[in-house]
Amino acid sequence: MNIKIVFPDNNEQSFPIGMTVYDAIAAWQKDILKTAVAAKVNGVNVDLNFVLKEDSKVEPILPTSKEGLSVLRHSISHVMAQAVQDVFKGTKVTIGPSIEDGFYYDFEYAEPFTLDDFEKIEKRMWEIVAADYPFVREELTREKAVELFAEKHEDYKVEIIRDLPADVSVVSVYRDGDYVDLCRGPHIPSTGKIKAFKLLSVAGAYWRGDERNKMLQRIYGTGFADKKALEDYLNLLEEAKKRDHRRLGRELDLFQVNEEAGAGLVIFHPKGMLLRYIIEEWERKEHLKRGYDMVMGPQILKVDLWKKSGHFDHYRDNMYFTEVDEQTYGIKPMNCLSHMLIYKSKIRSYRDLPLRYFELGTVHRHEKTGVLHGLMRVRQFTQDDAHILCMPEQLNSEIRAIADFVNYAMGIFGFEYEVELSTRPEHSIGSDADWELATTALENALKDNNITYEVNEGDGAFYGPKIDFKIKDALKRKWQCATIQCDFTLPERFDLSYIGADGEKHRPVMLHRVILGAIERFMGVLIEQYAGAFPVWLAPTQCVLLTVTDKHIPYASEVHKRLLAADIRAEKYFDNEKLGYKIRQAQLQKIPYMLVIGDKEMEAGTVAPRLRDGQNLGALPVEQFIALVREMCEKKK
RNA sequence: GCCGAUGUAGCUCAGCUGGUAGAGCAACUGAUUCGUAAUCAGUAGGUCAGCGGUUCAAAUCCGCUCAUCGGCUCCA
């Protein structure tokens, strides 16, 4: 489908939908480019591009819009590639897209780029910007394009063109000045439109994302419509760093990951453990409410069982093993096996199903050193794991119930999440028919629940497809927490059965699922979500007693006892310091209530709560304060 | 595992081209008894990540290992 554009000289031309006006104009007659762009859109004053829409309207892409930023950043990445090739002769270019908060470009160059090189590259980039080269689109036949890039020894570009689908006969390249890059476009009109950018980091990245390929050097950067927006973004990054759970974990004395203990092994300090305990207690109650049975299996199981389940063949590299009395045991990387044995301990009837086994199961996985990250990626962690054994016809309602549970839990903890459906991976077990059935079951449940999701091809577990729920950390990195995995294979391998209404044996289906995922990871994201200022029901310390002078200690101690007796987590700041000092300490610890206790309170039998935001609640009788905290806990605030 | 960077007191960091370690905050002790984000003074604290090498001499140079950080691949 084509649409018409009327140019300023009343010349009418039609162009395919999706093409930008800039490209359309360039394709038509590039010498009237500037006036055309400026005059094009009903008096809307814009710097960047316009895009053609279905409804024949020409919409401007503003430099502040998502689309506009993406175009701008893509153009900046071209300028960066151009600068890198100018500064470091012999650099080969590969690909350089815009991404959520910026852009990157992957290069091949013999020497590693350093942060010091950024200055040189940025300097050259500003020169290119100052030259205000127009971005000019040009279309070439495949053959011509291969010729062009082969001549420049751009092997990666040649490979990209050669790998294009057979029906692509024409490719586009963009020129700015004497630089030319293979690119689909669109771009901004000229390099001079670039006002604000910054190169941020350099990292390794495999060519085409495959670890068997050569490792390239990726330079990350970001760009904005103006300097102010760039500064705001950089400040935001600084703020995000203050929320980093690794930093808050130390400052709030929650946990440590100690080099002496080993990489990826978390040591919970008293306050961190208290937070974890609160979450775990909440979990147990919520699971019991929903018809789950609590169970518990051993940390190590004989290796033969892991062979039977398929873990030994498919997951061995990630497992720890130990040998005792000439028996090899596998330390569990997953909790399912014990649950299978529980199911098998009796003959099961269709009347018993579904059976839902829940375990706060601690697992060990030997993760590669390079992936370890605070609480988010560790080698020992505890999942709020459950295995549901049900009849195939119960799958849909079970999956829906889990999705509801996840939604409820995320609401309680204040997270938004994204949903992905991951399908069969390269290395997997089970029949095609079962994979088909399992994938459809998951997909149908999502559709029936009106849950929007994206499909992640080939990202399933080796034993089945899965639905993943992802939440974001302070730096917007997504972390998978909840997951639902559909498994026909393990029931098969363990020969699980139930007696149906027909008196015959049938095979149950198994769902593996977690709600919060790994407690460690969930706590990591939770810490960042609240920047350490936990809601009252979660706060390891809910209130702290601040004495004005030593003579208030006896009364404050009395109040402390009453609070503890009322299940309120209270601390004592009775040291010989000024009130201001103690307020500051409590503030830094992000404690919800600071109870000031001086002469007035001692005489009246009250406490004077101060909130984290500086607000004073005035004097309250102790009982009233207790009631207040209880109410906050009940409302999960 | 791969690419790159980093590792000095509990934390944040100084320590130039090799000559034997320093600040602020925190901690501890004492004085002060004080009303909503830092009272004053003093004291103590380091096999410079570990191991090995070069050197008359290594925090500093070289190698290996461990760990951390930013990514890639992988993943809860």
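So you know, we letter chains A, B, ... as the sequences are listed, proteins then strands, and number each from 1.
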Within 6.0 angstrom of A/E281 CD, more than 12 heavy atoms from elsewhere: yes

Exceeds 12 heavy-atom contacts within 6.0 angstrom, atom CZ of A/F321: yes

Residues touching RNA chain B, which here means a heavy atom under 4.0 Å, drawn from residues 246-257 of chain A: A/R246, A/R250

Given A/D163, A/N213, A/D106, the one that forms side-chain hydrogen bond (donor to acceptor under 3.5 Å, both in side chains) with A/R208: A/D163

Could you identify the nucleotide paired to [N], looking across every strand shown and requiring Watson-Crick or G-U wobble geometry with both distances under 3.5 Å?
| N | result |
| --- | --- |
| B/U39 | B/A31 |
| B/A49 | B/U65 |
| B/C13 | B/G22 |
| B/A58 | none |

Picking from [options], which would you name as closest to the side chain of [X]?
| X | options | value |
| --- | --- | --- |
| A/Y581 | B/U36, B/U68, B/A27 | B/A27 |
| A/R521 | B/G1, B/C75, B/G71 | B/C75 |
| A/V371 | B/U73, B/A76, B/G35 | B/U73 |
| A/L579 | B/A76, B/A37, B/U36 | B/U36 |

Give a yes/no answer on whether the side chain of [X] brings an N or O atom under 4.0 Å of OP1 or OP2 in [N].
| X | N | value |
| --- | --- | --- |
| A/K214 | B/C3 | no |
| A/H373 | B/G70 | yes |
| A/Q383 | B/A76 | no |
| A/R612 | B/A37 | no |
| A/T369 | B/G1 | yes |
| A/R477 | B/G71 | yes |
| A/R212 | B/U73 | no |

Partners passing ring-ring contact (aromatic ring centres under 6.0 Å, His included) against A/F255 (at least two apart in sequence or in another chain):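 In terms of ring-ring contact (aromatic ring centres under 6.0 Å, His included), with neighbours along the sequence ignored, A/F255 is linked to no residue.
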
For the [atom1] atoms, the ones on [N] and on [M], what distance do you get once it is rounded to whole angstrom?
| N | M | atom1 | result |
| --- | --- | --- | --- |
| B/A37 | B/A41 | C1' | 23 Å |
| B/A26 | B/U39 | P | 9 Å |
| B/G30 | B/G19 | C1' | 40 Å |
| B/C11 | B/G46 | P | 14 Å |
| B/U54 | B/A67 | C1' | 26 Å |
| B/G50 | B/A58 | P | 15 Å |
| B/G24 | B/C56 | C1' | 37 Å |

Pair A/E239 + A/R243: basic N to acidic O under 4.0 Å: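 So A/E239 does not pair with A/R243 through a salt bridge.
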
From A/W282, A/Y357, A/Y292, residue fulfilling ring pair (Phe, Tyr, Trp, His ring centres under 6.0 Å) relative to A/H287: A/Y292

Identified ring pair (Phe, Tyr, Trp, His ring centres under 6.0 Å) counterpart of A/F522 within the set A/F413, A/W479, A/Y417: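 With A/F522 as partner, ring pair (Phe, Tyr, Trp, His ring centres under 6.0 Å) holds for just one option, A/F413.
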
Verify stack between A/W479 ring and B/A76 base, 5.5 Å, 30 degrees: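 It does not: the ring fails the test against the base of B/A76.
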
Can you pull every protein N or O that's under 3.5 Å from an N or O on nucleotides 42-52 of chain B?
none

Gap separating the [atom1] atom of [X] from the [atom2] atom of [Y], nearest 0.5 angstrom:
| X | Y | atom1 | atom2 | value |
| --- | --- | --- | --- | --- |
| A/H311 | A/C336 | NE2 | SG | 4.0 Å |
| A/L442 | A/I467 | CG | CD1 | 4.5 Å |
| A/H552 | A/I597 | NE2 | CD1 | 9.0 Å |

A/S557 side-chain N/O to A/I553 backbone N/O, donor-acceptor pair under 3.5 Å: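 It does hold such a pair.
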
